[in-house]
Enquirer: 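First the structure, then my questions, so here it is.
Being a predicted model, the structure only gives us computed values, none of them experimental.
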Amino acid sequence: EADLKSIKAPACVIPGNDRTHALEVGRTLARLLPDAELHELFAKNEDVDVVPPEQWQKTDDAAAAIFVKFMKRALAPAPAR
């Protein structure tokens with residue numbers, strides 16, 4: 001926990017929805033990272049070890065849009081103080 005809280009880099013967290021990539025793990029990660037944003041593409045976990053790739057592929061456009069916006073914000077110059 002302390003190691004995650006010490007990371008200063010911006011992070012974009014998109015949790016999965018299966019036992020290997022559980023929503024709650026992603027939520028916890030986003031809560032512990034000081035500069036993280038959380039984006040949930042799935043409403044609930046599936047009761048499988050790993051969901052089929054076809055299920056994730058349905059979110060490709062949404063995930064890509066999230067990452068593009070995140071990268072633009074992360075790479076933007078800091079506002080003058």
Side-chain angles (χ1 to χ4, degrees):
E1 187 174 316
D3 288 341
L4 290 173
K5 287 182 176 181
S6 73
I7 295 172
K8 304 298 181 213
C12 181
V13 180
I14 300 178
N17 65 328
D18 54 38
R19 287 190 294 259
T20 303
H21 313 93
L23 281 166
E24 194 53 44
V25 173
R27 290 172 182 152
T28 300
L29 177 63
R31 182 178 50 78
L32 292 174
L33 292 171
D35 192 12
E37 55 185 60
L38 176 66
H39 300 273
E40 295 184 25
L41 299 178
F42 302 100
K44 64 180 181 73
N45 280 323
E46 300 294 328
D47 191 21
V48 296
D49 288 334
V50 179
V51 297
E54 298 80 26
Q55 185 172 345
W56 265 96
Q57 289 168 345
K58 293 176 186 175
T59 67
D60 282 353
D61 290 343
I66 289 167
F67 282 127
V68 167
K69 289 177 186 175
F70 169 77
M71 292 303 295
K72 285 180 180 179
R73 285 191 301 275
L75 296 174
R81 293 184 183 194

Enquirer: Do you reckon V48 sits in the same ILVMFWY cluster as V50, going by side-chain contacts under 4.5 Å, direct or chained?
Expert: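 In one cluster: no.
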Enquirer: Please name the pair of heavy atoms, one in K8 and one in K5, separated by the smallest distance, quoted to 0.1 Å.
Expert: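 Where K8 meets K5 most closely, the heavy atoms are NZ-O, 3.9 Å.
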Enquirer: Does atom CG of D60 have more than 12 heavy-atom neighbours from other groups under 6.0 Å away?
Expert: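 For D60, atom CG is crowded (more than 12 foreign heavy atoms under 6.0 Å).
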Enquirer: In Å and rounded to the nearest 0.5 Å, what is the CD to OG1 distance from E40 to T59?
Expert: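 Going from the CD atom of E40 to the OG1 atom of T59 covers 13.0 Å.
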Enquirer: How long is the gap from CG on L33 to CZ on R31, to the nearest 0.5 Å?
Expert: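 Reported value, rounded in 0.5 Å steps: 10.5 Å.
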Enquirer: Quick one: do V25 and L29 end up in the same hydrophobic cluster if we chain Ile, Leu, Val, Met, Phe, Trp and Tyr together by side-chain heavy atoms under 4.5 Å apart?
Expert: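 In one cluster: no.
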Enquirer: Do the side chains of D47 and R19 get nearer than 4.5 Å, heavy atoms only?
Expert: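 In short, these two side chains touch, coming nearer than 4.5 Å.
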Enquirer: To the nearest 0.5 Å, tell me how far C12 SG sits from K69 NZ.
Expert: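 Nearest 0.5 Å value for the SG-NZ distance: 11.5 Å.
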Enquirer: Taking the side chain as everything from C-beta on, heavy atoms only, tell me whether L41 gets closer than 4.5 Å to I66.
Expert: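 Counting from C-beta outward, L41 and I66 do come under 4.5 Å.
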Enquirer: According to the ring-ring contact (aromatic ring centres under 6.0 Å, His included) rule, which pairs have a member within residues 40-81, sequence neighbours left out?
Expert: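 Qualifying pairs, neighbours excluded: F42-W56.
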Enquirer: Heavy atoms only: give me the nearest L23-N45 pair and the separation to one decimal.
Expert: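 Result for this residue pair: N-OD1, 3.1 Å.
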Enquirer: Testing the basics here: between L38 and G26, what is the closest heavy-atom pair and its distance to 0.1 Å?
Expert: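 Looking at all heavy atoms of both residues, the closest pair is CD1-O, 4.0 Å.
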Enquirer: Between P15 and R27, which heavy-atom pair has the shortest distance, and what is it?
Expert: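 In this case the closest contact between P15 and R27 is CG-N, 4.4 Å.
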Enquirer: Answer yes or no: is there a side-chain heavy-atom contact under 4.5 Å between Q55 and D18?
Expert: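 Heavy-atom side-chain distance check fails, nothing below 4.5 Å.
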Enquirer: Which atom pair, heavy atoms only, marks the closest approach of P10 to A74?
Expert: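 Closest pair (atom of P10, atom of A74, distance): CG-CB, 4.2 Å.
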